[in-house]
Amino acid sequence: MFAFLVKRLAATVPVLLIVAVLVFLLLRLTPGDPAAIIAGDAASPENVAKIRENLGLSKPLIAQFGIWFGNVLAGDLGESYFFKVKVAELIMQRIEPTLALSICTIVIAVLVAVPLGVLAAWKQGGWLDRMLMGFSVMGFSIPVFVLAYILIWIVSLKLGWLPVQGYERIAGGFGPFIRHLILPSITLSVIYIALIARVTRASVQDVLSEDYIRTARAKGLPENRVLIAHALANAAVPIITVIGIGVALLIGGVVVTESVYGIPGLGRLTVDAVLARDFPTIQGVILFFSFVYVLINLLVDLSYLAFDPRIRY
Amino acid sequence: MSTPAASATLAASLSTEDANIVARASVWSKLARHWGVRIGGAAMLLLTLIALAAPLLGTVDPTLFDPGSRDLLPGAQGEITTLEGESIKHEFMMGSDSFGRDIYSRVIYGTRVSLIVGLACALVSVFLGVLAGLSAGYLRWLDMPLMRVMDGIMAIPGILIAIALVALWKASLLSVIVAIAIPEIPRVTRLVRSLVLSIREEPYVEAAVSLGTSTFKIMFGHILPNTAAPLIVQGTYICASAILTEAILSFLGVGLPTDFPTWGNIMAEGRVQFQQFPHNVFFPGIFLAVTVLAVNVLGDGLRDVLDPKMAKKV
């Protein structure tokens with residue numbers, strides 16, 4: 001068990017290292033002077049010279065990576081020349097809305113998708129099953145921002161139930177906080193629901209043909225116990241896995257959703273940074289998002305131990 | 001309609017070459033009978049025709065603007081000034097934007113951009129993914145380093161890679177296509193690699209090796225043709241996701257320059273006055289959603305027919 005933990009942790013290190021190399025190379029393999037790119041379009045020559053000095057641009061590439069990576073490990077992601085603050089600080093300032101939006105989305109998605117997937121698998125080929133499969137193809141196809149505008153138009157503009165856009169910090173009271181989060185979370189959860197429901201359906205369907213399900217039914221267990229305690233419990237691993245993999249979709253969706261709803265989170269920061277050609281911030285945000293993604297999938301792997309006692313490493 | 005058993009006896013009574021023809025014909029007829037392939041394929045055909053015939057469909061130059069015809073509602077009559085300075089009467093079927101450009105013409109011409117980007121991204125990522133996957137699967141010394149790099153790319157959310165690359169390269173049709181294609185490469189690579197690893201154990205590859213066939217010929221002549229079906233399916237999905245990503249990039253203002261008539265660009269311009277003129281966002285949005293849906297439905301259909309093992313899994 002402990003050996004597995006160590007091994008699994010050790011396996012994520014090379015992935016993170018390669019991510020770091022890729023993010024580093026992003027700027028170095030681009031034609032042009034990295035110092036000038038980082039400094040931005042309105043930088044003075046002295047400023048560019050100073051950045052060149054800091055990056056160690058006169059040294060070989062590998063040494064430059066060493067300098068940069070050393071800084072990253074120390075928590076120094078560089079300074080944003082657009083926002084005039086440290087990138088790490090900037091990320092911390094913007095993390096709350098993104099975290100709130102993501103958690104809200106995952107909760108909605110799991111609460112909707114898992115029961116739907118189980119029911120669809122239970123009545124395979126039934127109307128719910130066919131509707132769910134149709135919905136999931138649509139969920140994958142409808143662009144997040146189109147869905148966002150449809151919801152804003154109906155719920156906020158026509159019915160006037162929820163605010164059109166904006167964000168309220170949780171410190172300002174739970175009511176306004178959640179009212180601003182409902183629409184963005186529903187928007188973002190649709191594609192996630194499609195993904196999770198599909199996998200839940202397939203995974204539960206597989207399990208339902210197992211002998212122990214027939215045994216459970218034969219001994220007179222009520223159907224809901226069979227579905228939840230026997231089928232869903234044994235189908236959990238692929239479902240948890242897809243929730244983890246889906247975080248990549250979620251991060252992509254956050255960038256779009258935050259822009260549409262005017263939420264000042266990390267996704268909005270990414271777009272602002274790109275529009276301002278603020279490369280230290282772009283690098284920092286990409287590194288941060290990738291780190292979170294790898295970390296979540298590490299946790300997912302570790303959770304197999306809890307969900308499936310057959311897995312022993 | 002022939003039952004599988006009947007066609008098997010039929011195939012057995014024929015020579016191998018004839019049997020191949022029977023098998024191929026049955027794939028085509030299965031494809032033609034699958035409702036997903038029919039609907040998705042028909043929709044794609046229609047969109048392709050729209051893209052090709054854009055100038056003939058009652059459109060004007062999508063970049064033309066007339067300050068006198070700003071913010072018209074759908075169906076309004078107005079005027080538009082051509083490049084020669086001549087004013088022509090024009091019906092704005094989908095209204096006009098705040099520059100006085102015809103939304104209908106922009107949406108119709110936008111079909112071109114979306115289809116080109118979708119198709120090109122699928123081709124580029126499948127091509128590069130096949131190269132990488134064949135190399136990783138067949139040249140063992142390359143496997144480890146190559147797959148670790150692919151793991152790294154996969155650990156970065158694709159849309160962030162695309163956004164960052166476009167920002168670095170300055171947006172053009174080519175840079176947008178390459179930037180969207182790159183994050184799709186690892187999935188193709190993994191697919192091809194896993195196929196190669198199982199195919200290389202097949203007797204016919206072993207036979208080719210013992211006959212002294214060159215590695216190059218084995219990779220491209222013997223192994224590659226057998227990866228075609230799953231690759232077509234994967235390519236279709238990549239096309240759908242690339243069309244979406246391009247629209248997202250344009251919508252966020254980091255994609256193709258704003259004078260390009262892309263669905264994302266039209267929506268980005270429309271969002272400013274979304275409350276008064278929601279149709280500026282909805283018309284391109286509907287085209288985008290329908291196109292992506294058509295490609296996905298086509299992909300699901302192709303998967304059901306060409307790759308039944310995969311179809312059972314999801």
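Owing to the predicted nature of the structure, the values given are computational and were not obtained by experimental measurement. Sequence lines set the chain letters: A, B, ... in the order given, protein chains first and strands last, and positions in each chain run from 1. Basis for what follows: all heavy atoms, side chains included, without hydrogens, waters or symmetry-related copies.
- Among residues 286-294 of chain B, the residues having any heavy atom closer than 4.5 Å to a heavy atom of chain A are, in sequence order, B:L288, B:A289, B:V292, B:L293.
- Between chain B and the residues A:V21, A:V15, A:V137, A:I142, the most heavy-atom pairs under 4.5 angstrom are made by A:V137.
- Atom CZ of A:F83 has more than 12 heavy atoms from other residues, nucleotides or ligands within 6.0 Å.
- Counting heavy-atom neighbours within 6.0 Å of A:I62 CD1, excluding the residue itself, gives a total of 12 or less.
- A:L26 CG to B:I161 CD1: the interatomic distance, rounded to the nearest 0.5 Å, is 8.5 Å.
- Around CE of B:M147, the count of heavy atoms belonging to other residues, nucleotides or ligands within 6.0 Å exceeds 12.
- With a 4.5 Å cut-off on non-hydrogen atoms, A:L147 does not touch chain B at all.
- Across all their heavy atoms, B:A155 and A:Y293 have their closest contact at O-CD2, 3.2 Å.
- One finds the CG atom of B:L160 at 13.0 Å from the CD atom of A:Q283 (value rounded to the nearest 0.5 Å).
- Heavy atoms closer than 4.5 Å to chain B are found in the side chain of A:V164, but not in its backbone.
- Residues A:S290 and B:P157 come closest through the heavy atom pair OG-CD, 3.9 Å.
- Heavy atoms of B:M154 lying under 4.5 Å from chain A belong exclusively to its backbone.
- Taking chain A as the reference chain and counting heavy-atom pairs below 4.5 Å, the highest number among B:I159, B:L165, B:I156, B:V295 is found for B:I156.
- Taking all atoms of both residues into account, the shortest heavy-atom contact from B:G253 to A:L275 is O-CD2, 3.4 Å.
- At a 4.5 Å heavy-atom cutoff, the contact between A:T270 and chain B is made by side-chain atoms alone.
- Chosen from A:F291, A:F145, A:F140, A:F289, the residue pairing most often with chain B at heavy-atom distances under 4.5 Å is A:F145.
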Applying side-chain contact (heavy atoms from CB on, under 4.5 Å) to B:L168 and A:F279, what does each step give before you reach the verdict? CA-CA 9 Å; B:L168 275 172; A:F279 284 97; 3.3 Å; yes
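- Interface remark: A:V255 contributes backbone and side-chain atoms alike to the contact with chain B (heavy atom separation under 4.5 Å).
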What verdict does the side-chain contact (heavy atoms from CB on, under 4.5 Å) test give for A:I18 and B:D151, after you've listed the backbone C-alpha separation in whole Å, the side-chain angles of each residue and the deciding distance to 0.1 Å? CA-CA 8 Å; A:I18 286 162; B:D151 287 348; 5.9 Å; no
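- Both the backbone and the side chain of B:A247 have a heavy atom closer than 4.5 Å to some heavy atom of chain A.
- Interface residue B:I153: backbone and side-chain heavy atoms are both found under 4.5 Å from chain A.
- Partner of A:V274 under the side chain to side chain contact (heavy atoms under 4.5 Å, CB included) criterion, out of B:L249, B:L252, B:V166, B:I163: B:I163 alone.
- With a 4.5 angstrom heavy-atom cutoff, A:I286 touches chain B via backbone and side-chain atoms both.
- Between B:F251 and A:V260 the shortest side-chain heavy-atom distance falls below 4.5 Å.
- One distance of note links CG of B:L244 with CD1 of A:I191; it measures 7.5 Å at 0.5 Å rounding.
- Considering every non-hydrogen atom in both A:V146 and B:G285, the closest pair reads CG2-CA, 3.7 Å.
- Interface remark: A:Y149 contributes backbone and side-chain atoms alike to the contact with chain B (heavy atom separation under 4.5 Å).
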